[in-house]
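Okay, so here's the structure we're looking at.
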Protein chains: 2
Amino acid sequence: MNHVKQAKRTTIYDLAELAGTSASAVSAVLNGNWKKRRISSQLAEKIMKIAEEQGYALNMQASLLRREKSHIIGMIVPKYDNRYFGSIVELFEDMARARGLFPIITCTRRDPELEIEAARTMLSYQVECLIATGATDPDRITEMCAAAGVRSLNLDLPGALAPSIISDNFAGARELTRRILVNCERRLGKKGPLLFIGGRGSDHNTAERIRGFRAAHSDLGLAVAEEHILACGYAPEKAEKALDDLALKGDANVGGMFVNSTISLEGVMRWVRRSGHLNDDSLVLGCFDWDPFVSLLGNEIEMVRQDVPEMLKKVFEVIESGVSKPVVIQVPPLIPQM
Amino acid sequence: MNHVKQAKRTTIYDLAELAGTSASAVSAVLNGNWKKRRISSQLAEKIMKIAEEQGYALNMQASLLRREKSHIIGMIVPKYDNRYFGSIVELFEDMARARGLFPIITCTRRDPELEIEAARTMLSYQVECLIATGATDPDRITEMCAAAGVRSLNLDLPGALAPSIISDNFAGARELTRRILVNCERRLGKKGPLLFIGGRGSDHNTAERIRGFRAAHSDLGLAVAEEHILACGYAPEKAEKALDDLALKGDANVGGMFVNSTISLEGVMRWVRRSGHLNDDSLVLGCFDWDPFVSLLGNEIEMVRQDVPEMLKKVFEVIESGVSKPVVIQVPPLIPQM
DNA sequence: CAAGCTTGCTCAATCGATGAAGCAAGAATT
DNA sequence: AATTCTTGCTTCATCGATTGAGCAAGCTTG
């Protein structure tokens, strides 16, 4: 490798000069189709050796400008602060690379403005496909992509204009609620009442989970009080405050809680600690999402773990099949044996 | 926005034709320096209107090919499975964007091969600067970057060839160890013995933390048994197995543990549960790294939280100052009041 | 030995955006 | 009226890699 400080980066023209050949021969050798272009293996080896020596790195911008396909696949993701999105990103990168694609990922912090901005930037980078994960306004992104002739896909939260791969939130929430109720019965001798806490009432997943929460109640002939549905947002502080407010109203007669994300669970646990519920098992918890430490918290918190590998498998299946109709594919979440 | 399915994406030439002007006028208007190029505001407005209507998105590859600077900043990161790296990535993206840079991040799963591969790809994308976070072989990456005339920087783990921003692992570990020993005294009536578990003996951070661990012991006139230093790797299973092996050797007389990451703590906690140490407070724990749920675990686990905002602030200071000498900047971690 | 084929290359146009240089028309100055 | 200045554009080369077309030299074949 050449350790001389160089102002300009090495190009195929530099290599061509060094090898006493043409840039097109160098290009053919370095991008691998030199056999097709009938370059002798002697010249090929010579060029590859020189490229190695010079520490040559392809100028992707020039290459992509000329080529028809970019092989770039984009993903926008709301946050990196939980295992769910963390594993989505990690596995997505892996699967993309395994398919010869270059993944670019950007985090939009649940900010609709930033989502649009990020999508536009991804389009500028000529992504072949954009996956909008947990987007607040997925259809807007789909429209932007469609205008640029780029396919898009929704993950985690569905949209009306592009294929969506989401968890089966209804079934997952119904089963989780059933388990919380069973645990209530077992540990407290009564079925609830339960609180639903966390998430945005306006997002599809939260709405479906609330529907599952209600269905599990009605399966057992139980009623759900409206004031026990607290779609207060995802942030820990919001969950904590919602519980404080509820306690102020004197409505502290709660047997268990359905917590709608690990992030909200942080706030719930903080509130639980403050209000002294710690180890007395007087509060039965369930969480829609998984975190390794939560299972160690000691309150026997039930968790529903979204099936990220399966979801991403579907994502790539949809991409590879070329489907762009707005179907919704629901993936059953993983629920551990009771 | 134009919703007609288009085979080709709109270019400045298309816009120029529609506006009855030249491509360079369109370019000047859209990249904002039309005043400098003396384009009339009438034409500018007309062009911007048409661009909007057509849903035009810049071809970044073409733009970058022509421009001298890419404004792309790259980061490689080992994992997304913990809060430390998650917050690094999230904040890095934010700070990069605030500086008009486009961040591209890729996860290399602590795989040295993948690190090199990722670095090469980033160079192909013409990054102006590459930040190697927690890299197993940072110097190799620095060499590659230097050969391409690209600056690089190490974060979390130091290298010998580029500026490094890392936590003050020695001081953090010394204080954490001191606290674990104090808690041992208070809760068990004896100072240890402590176990050090997790991390790689070969990495700088682990070595420094072991040094801090030893220093805190010697501060109190205590000895550390060699067999109580278990740098068994980061994965939870490895920590779990290391503890099993130790127990098999009959060496279960341990008062507390210094756990060298939240990831290792997962394994430790699993082992603790299995071996029945759960709520009896007979094991005093401390963890070098922070996780919100760990503070809720109930075993009064001490944590050292690395100061990510300060570290990234230093990262950008170094970048902006143009320093490329291999200095090591140590950032004190945050340790909550006792 | 002429005509055709194969091998191993080179030439030159191209991708889309950029910006230095240039040019025409009108305004201002002498 | 002649000259210079200003305004508001356009033209064209360029960035580096790619690829269809082309070409020369050697090899076959009838």
Side-chain angles (χ1 to χ4, degrees), chain A residues 6-48 51 54 56-72 121 123-126 128 148-149, chain B residues 6-48 51 54 56-72 121 123-126 128 148-149:
Chain A
Q6 43 199 162
K8 288 263 170 262
R9 301 187 45 176
T10 311
T11 70
I12 53 170
Y13 298 93
D14 303 328
L15 298 181
E17 192 152 336
L18 286 166
T21 181
S22 71
S24 71
V26 174
S27 170
V29 168
L30 296 179
N31 68 26
N33 58 4
W34 51 279
K35 296 211 164 167
K36 207 189 320 179
R37 299 206 35 129
R38 295 184 311 209
I39 307 291
S40 67
S41 41
Q42 293 165 47
L43 182 57
E45 268 170 46
K46 182 177 178 188
I47 288 173
M48 290 192 287
Q54 298 297 314
Y56 171 78
L58 176 71
N59 182 325
M60 199 59 89
Q61 267 76 45
S63 176
L64 290 182
L65 177 58
R66 190 62 229 280
R67 290 199 319 234
E68 68 305 347
K69 310 201 80 188
S70 73
H71 299 298
I72 301 179
T121 308
L123 289 177
S124 289
Y125 279 92
Q126 314 296 110
E128 285 175 19
Chain B
Q6 44 199 161
K8 288 264 171 261
R9 300 189 43 179
T10 311
T11 70
I12 52 169
Y13 298 93
D14 303 328
L15 298 181
E17 192 152 336
L18 286 167
T21 180
S22 71
S24 76
V26 173
S27 170
V29 169
L30 295 179
N31 68 26
N33 57 4
W34 51 280
K35 297 211 165 171
K36 208 187 323 177
R37 309 257 329 251
R38 296 186 308 210
I39 307 291
S40 67
S41 42
Q42 293 164 46
L43 182 57
E45 268 170 46
K46 182 176 178 187
I47 288 173
M48 289 193 286
Q54 300 295 312
Y56 172 79
L58 176 72
N59 183 325
M60 198 60 90
Q61 266 76 45
S63 177
L64 290 181
L65 177 57
R66 190 61 228 282
R67 293 201 314 238
E68 71 302 351
K69 309 199 82 186
S70 74
H71 299 297
I72 300 180
T121 308
L123 289 177
S124 289
Y125 280 92
Q126 313 296 110
E128 283 176 19

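Sequence lines set the chain letters: A, B, ... in the order given, protein chains first and strands last, and positions in each chain run from 1.
- Side-chain nitrogen and oxygen atoms of B:Thr21 include at least one within less than 4.0 Å of the OP1 or OP2 phosphate oxygen of D:dT10.
- Between the CG atom of A:Leu64 and the P atom of C:dA17 there is a distance of 14 Å, rounded to whole Å.
- For B:Ile72 against B:Tyr125, the heavy-atom pair with the smallest separation is CD1-O, 3.4 Å.
- A:Lys69 is linked by a salt bridge (Lys or Arg N to Asp or Glu O under 4.0 Å) to A:Glu128, counting only residues two or more places apart in sequence or in another chain.
- Straight-line distance from the CD atom of A:Gln126 to the P atom of C:dG16: 9 Å, rounded to whole Å.
- With hydrogens and angles ignored, no donor-acceptor pair under 3.5 angstrom links the side chain of B:Ser22 to the base of D:dT11.
- Dashed line: the shortest gap from a side-chain N or O of B:Ser27 to OP1 or OP2 of C:dG16 is not under 4.0 Å.
- When rounded to the nearest whole Å, the span between NZ of A:Lys46 and P of C:dC9 equals 10 Å.
- Residue B:Arg37 contributes atom CZ, which lies 12 Å from atom C1' of D:dC12 at whole-angstrom precision.
- Taking 4.5 Å as the limit, every side-chain heavy atom of B:Gln54 sits out of range of all side-chain heavy atoms of B:Asp14.
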Polar atoms only, N or O, under 3.5 Å: list the protein pairs with nucleotides 14-16 of chain D and their distances.
from, atom 1, to, atom 2, distance (Å)
D:dT14, O2, B:Arg66, NE, 3.1
D:dT14, O2, B:Arg66, NH1, 3.2
D:dG16, N2, A:Ala62, O, 3.1

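- For DNA chain D, none of the residues of residues 38-45 of chain A falls under the heavy-atom distance limit of 4.0 Å.
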